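Per chain, numbering begins at 1; letters A, B, ... match sequence-line order. Every value quoted in this text rests on a predicted model; they were computed, and no experiment measured them.
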Amino acid sequence: ETGVTQSPTHLIKTRGQQVTLRCSSQSGHNTVSWYQQALGQGPQFIFQYYREEENGRGNFPPRFSGLQFPNYSSELNVNALELDDSALYLCASSPRQPNTEAFFGQGTRLTVV
Amino acid sequence: DAKTTQPPSMDCAEGRAANLPCNHSTISGNEYVYWYRQIHSQGPQYIIHGLKNNETNEMASLIITEDRKSSTLILPHATLRDTAVYYCIVRVAYRDDKIIFGKGTRLHILP
């Protein structure tokens with residue numbers, strides 16, 4: 001158990017719809033990062049939030065957006081879903097201090113049909 | 001791009017030590033070496049990390065060469081539950097915290 005929880009664990013959406021995924025960070029961690037993992041690939045960095053501000057973004061289009069709340073929990077929103085958005089979405093939280101580890105949640109499996 | 005290079009797959013007999021190598025020849029002075037593993041369809045699990053000294057915890061040992069250009073993760077007594085993809089990562093935890101994953105090593109533990 002890492003203390004990082006994600007919801008829902010699985011969901012199925014139709015192409016063109018919008019989806020919101022949620023992540024509760026570990027207590028004391030002020031940074032949340034989101035990753036997309038397609039089948040058979042390593043996780044790919046989407047973006048990161050630090051103290052409620054976006055603080056770095058990977059090569060993902062603007063229809064991937066997010067929020068971080070004052071309690072450091074976070075949401076990932078994806079608009080206009082495409083079939084290729086089907087993946088495991090992971091969030092990781094960290095305290096953004098030297099010599100510390102990031103902990104991952106168990107992920108949300110999104111299937112777009 | 002990932003800053004590490006790992007073999008795509010390895011086999012290890014159950015009960016033996018599993019030694020997973022990683023090359024990180026361009027590592028910077030303030031970058032730590034981290035190891036994570038991912039069991040099928042689960043979130044990556046933190047294993048161990050280090051800067052330049054060898055490290056040991058209840059899960060594994062990490063051996064970093066003196067020039068810091070490579071490292072080895074050692075699972076001392078591998079079990080079937082250690083079958084997973086192992087990722088070696090270099091990271092500066094207090095700077096941007098994002099993790100760039102490579103392809104990792106798929107470790108098969110053989111009964």
Side-chain angles (χ1 to χ4, degrees), chain A residues 1-6 9-10 21 23 25-26 29-51 53-60 68 72 87-111, chain B residues 1-9 20 22 28-55 57-60 62 64 73 84-107:
Chain A
E1 291 291 327
T2 63
V4 180
T5 58
Q6 293 186 242
T9 55
H10 299 81
L21 310 182
C23 173
S25 61
Q26 181 156 313
H29 286 191
N30 55 21
T31 301
V32 173
S33 302
W34 286 90
Y35 297 81
Q36 181 196 65
Q37 187 173 24
L39 203 59
Q41 305 294 318
Q44 299 295 309
F45 174 72
I46 302 175
F47 48 54
Q48 179 183 97
Y49 278 83
Y50 171 60
R51 294 185 176 179
E53 297 282 336
E54 186 177 297
N55 183 243
R57 189 178 184 90
N59 189 25
F60 281 81
Q68 187 178 34
Y72 301 134
L88 180 68
Y89 288 85
L90 297 159
C91 80
S93 77
S94 54
R96 205 184 180 104
Q97 294 174 4
N99 197 17
T100 57
E101 54 268 30
F103 292 112
F104 284 81
Q106 290 304 295
T108 294
R109 172 72 62 186
L110 171 65
T111 303
Chain B
D1 289 346
K3 296 181 68 173
T4 62
T5 305
Q6 300 176 251
S9 67
L20 291 88
C22 179
S28 302
N30 59 352
E31 287 180 314
Y32 285 71
V33 179
Y34 284 76
W35 283 83
Y36 285 79
R37 72 180 182 184
Q38 190 173 25
I39 297 168
H40 182 62
S41 293
Q42 298 182 18
Q45 176 189 22
Y46 165 81
I47 302 174
I48 197 167
H49 73 281
L51 182 62
K52 54 184 177 181
N53 297 321
N54 298 338
E55 302 288 342
N57 63 20
E58 65 278 4
M59 290 183 66
L62 174 60
I64 303 173
L73 177 74
V85 178
Y86 287 77
Y87 294 100
C88 169
I89 294 152
V90 295
R91 169 175 173 252
V92 181
Y94 65 86
R95 188 173 64 197
D96 57 21
D97 262 6
K98 68 182 180 185
I99 297 174
I100 306 299
F101 288 87
K103 298 184 185 299
T105 295
R106 185 170 296 277
L107 177 65

Report which part of B:Gln45 has an atom under 4.5 Å of a heavy atom belonging to chain A: side chain, backbone, both, or neither.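 For B:Gln45, there is no contact with chain A at all, as no heavy atom is under 4.5 Å.
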
Side chain, backbone, both or neither: which part of B:Leu51 has an atom under 4.5 Å from a heavy atom of chain A?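 Neither part; nothing is under 4.5 Å.
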
If you take all heavy atoms of [X] and [Y], which pair is closest and at what distance?
{"X": "A:Gln106", "Y": "B:Gly43", "result": "OE1-N, 3.6 Å"}
{"X": "A:Gly42", "Y": "B:Tyr87", "result": "CA-OH, 3.5 Å"}
{"X": "B:Gln38", "Y": "A:Leu90", "result": "NE2-CD1, 4.2 Å"}

Give a yes or no on whether the backbone of A:Glu101 and the side-chain of B:Tyr32 come within a donor-acceptor separation of less than 3.5 Å.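 Checking the backbone N and O of A:Glu101 against the side chain of B:Tyr32, no donor-acceptor pair under 3.5 Å is found.
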
With only heavy atoms counted, which part of A:Gln6 is less than 4.5 Å from chain B, the side chain, the backbone, both or neither?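 Looking at A:Gln6, nothing touches chain B.
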
Which atoms of A:Tyr35 are under 4.5 Å from chain B, going by heavy atoms: the side chain, the backbone, both sets, or neither?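 When you check distances to chain B, only side chain atoms of A:Tyr35 fall under 4.5 Å.
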
Under the salt bridge (charged side-chain N to carboxylate O under 4.0 Å, His left out) rule, collect the residues that match up with A:Arg57, sequence neighbours excluded.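 A:Arg57 satisfies salt bridge (charged side-chain N to carboxylate O under 4.0 Å, His left out) with A:Glu54 once adjacent residues are dropped.
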
What's the spacing between B:Lys98 NZ and A:Ile46 CD1 if we round to 0.5 Å?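 Those atoms lie 13.0 Å apart.
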
Does any non-hydrogen side-chain atom of A:Gln37 lie less than 4.5 Å from one of B:Pro44?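 In short, these two side chains do not touch, never coming nearer than 4.5 Å.
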
Among all residues two or more places apart in sequence or in another chain, which pass the side chain to side chain donor-acceptor pair (under 3.5 Å) test with B:Glu55?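 Here no residue qualifies.
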
